[in-house]
Colleague: 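Submitted below is the structure of interest, expressed as structure tokens.
Proteins get letters first, then strands, A, B, ... in listed order; numbering begins at 1 in each.
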Amino acid sequence: MTTLSEDLDFRGLIAQESAGLRPVLDTQRVTAYLGIDPTADSLHVGHLIGVVTLRRLQEAGHRPIALAGGGTGLIGDPGGRDLERPLLTREQVEANVAGIRRQLEGLLDFSGSSSNGAGPALLLNNAEWLDSYRLVDFLRDVGKHFTVNQMVAKESVKARFERAEQGISFTEFSYMLLQACDYLHLHDHYGCRLQIGGSDQWGNITMGMEYTRKVRQADTHAFTWPLLTRSDGSKIGKSDRSEVSWLDPRRTSPYSLYQYFVRKGDDEVGQLLRYYTFLAHEEIAALDRATQDHPERRAAQHALASEVCTLVHGGEEAARAEKAAAALYGEEIVSLDESLLLDVFADAPSSVMPKSVLEGKGADLAELLATSGLAKSRGAARTAIAQGGAYVNNRRRSAEDGAVVADDLLYGRYVVLRRGRREYHLLRFE
RNA sequence: GGGUCGGUACCCAAGCGGACAAAGGGAGCAGACUGUAAAUCUGUUGCGCGAGCUACGUAGGUUCGAAUCCUACCCGGCCCA
């Protein structure tokens, strides 16, 4: 039987840790919290690491708290940004917290019915206590315990100091103090003694831990996991928008989520399996070997994609996504039967058009690409066609045969448009 | 409030009266090679089929002509009060 700390070590989830953390993890039952910035009404795969880790803690008998930063979300964490963030309105933050709540309910056990005695998960919103804090009280009670010297020394702040033309507002500078308040509040009201987060949070986390220790003489702890980096050391999915994959199926379909993980590189997939899945250590080791022996089979990537999809959307959706992937990357689209075709494209964007547009010379492919949203504009669509990145029913089309006609219809009704390697759109003609 | 420097496309950044829809880099997109990977190479990235239109913080002005000059305003950095 592996202990929790052994499991976390195996998965590479402990980058930094407070002194004396291990026995707390392995021999006590504690309440642990993870902060989530409600910058959108959905979590994304980045958040998922923390939530899954929280679940590991719960399964090991600890009580998890997911803390939505409804209060701190109004401020914005300076870390990891070189720009001052736009402030969210209260309404936005509340709507975001509500969206996140729904997703967490599928990932953590809020009922407390588990047999291991771990207590139900809680979702709290720090607006509850931060909102009503009075400024003078805050400065007296909290501010007195920190020196600006130590605050300025934090990596997240230093970075902003060095970016001469940007600076950092006092508002964002205060963020870490609010986070420290959270830890104290959770300690006082819920007996919380452990905070977890990504390693970029370490500075903020230690503030809270030390603060709570100082004013309550409490035995508080924390650990962080390393932020994902690629083999060349660069951060994964830093600012490129296309890489953001959401848990909300309306933002990222189950199929897209599946694809997101299937496309992961050999050098990352092992780490991701450890972070995101609950597969046994031997299974992961076997998948590592599979990647080494037959990288082209992408066995580990498929396992990862399937596991995450199941976790987020359930087994049925995961199976569908898997089937769709197999069909699109394996078989000819024209050979799919009608129900499988519809199944495969259930997640893909689709639109309905009158059949009449196919009459005569047919519909202009560039036009279709643009109106379907596969290309940003007709100009972009033409570029795609010229570059050989436009496909009808998975067959490349050039500008010369750029008309879609009735002969292209599958089952008399459908046309599958594709731009580039992976963007699909199903047209249904009526 | 004063002084000063700055605000250019998704990001960084060059341009400082015409040849600028704007160099270069990053990022994105597409293609080739592969394994739905990485690396590499090639092409491409405001809208329009096009004449053209709209764009260099905002609003005006000078000029045959402005991203470039002038004025006011807004926003940011630094220094001073």
Colleague: Taking OP1 and OP2 of B/G48, is either one under 4.0 Å from a side-chain nitrogen or oxygen of A/Arg378?
Modeller: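 No, A/Arg378 has no side-chain N/O under 4.0 Å of OP1/OP2 on B/G48.
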Colleague: Under a 3.5 Å cut-off for both distances, is B/A19 Watson-Crick or wobble paired, and to whom?
Modeller: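 Because no pair has both required distances under 3.5 Å, B/A19 counts as unpaired.
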Colleague: Check every strand shown and say whether A/Ala386 touches a base, only sugar-phosphate, or nothing at a heavy-atom separation below 4.0 Å.
Modeller: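 Here A/Ala386 touches no strand at all.
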Colleague: Across the strands shown, which category fits A/Phe261 at heavy-atom distances under 4.0 angstrom: base, sugar-phosphate, nothing?
Modeller: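 Nothing: the residue A/Phe261, judged by heavy atoms under 4.0 Å, touches no strand.
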Colleague: Begin with the C-alpha distance, continue with both residues' side-chain angles, and end with the deciding distance and a verdict on side chain to side chain contact (heavy atoms under 4.5 Å, CB included) for A/Phe223 and A/Leu25.
Modeller: CA-CA 10 Å; A/Phe223 74 86; A/Leu25 289 177; 4.3 Å; yes
Colleague: Please measure how far the P atom in B/C78 lies from the corresponding atom in B/U45, and state the result in whole Å.
Modeller: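 One P to the other, the span is 38 Å.
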Colleague: Can you tell me which nucleotide in B/U44, B/U36, B/G31 comes closest to the side chain of A/Arg396?
Modeller: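 Side chain of A/Arg396 sits closest to B/G31.
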Colleague: Scan every strand shown for a Watson-Crick or G-U wobble partner of B/G76, both distances under 3.5 Å, and answer none if you come up empty.
Modeller: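 Paired with B/C5.
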Colleague: Does the Lys NZ or Arg CZ of A/Lys264 fall within the cation-pi geometry relative to A/Tyr260 - under 6.0 Å from the ring centre and within 45° of the axis?
Modeller: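 Yes, a cation-pi geometry.
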Colleague: Is any side-chain N or O of A/Arg298 closer than 4.0 Å to OP1 or OP2 of B/U34?
Modeller: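 Negative; the distance criterion is not met.
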Colleague: What is the ring orientation for A/His281 with A/Phe10, classed by angle as parallel under 30°, tilted 30 to 60°, or perpendicular over 60°?
Modeller: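 Parallel, since the angle between the ring planes stays under 30°.
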Colleague: How is A/Arg419 classified with respect to the nucleic acid when contacts are heavy atoms under 4.0 Å: base, sugar-phosphate, or nothing?
Modeller: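 The answer is sugar-phosphate, as A/Arg419 gets under 4.0 Å only of primed atoms, P, OP1 or OP2.
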Colleague: Does B/C69 have a Watson-Crick or wobble partner in any strand here, with both distances under 3.5 angstrom, and which is it?
Modeller: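 When the pairing criteria are applied, B/G61 turns out to be the nucleotide that pairs with B/C69.
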Colleague: Does B/G31 have a Watson-Crick or wobble partner in any strand here, with both distances under 3.5 angstrom, and which is it?
Modeller: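 WC or wobble partner is B/C41.
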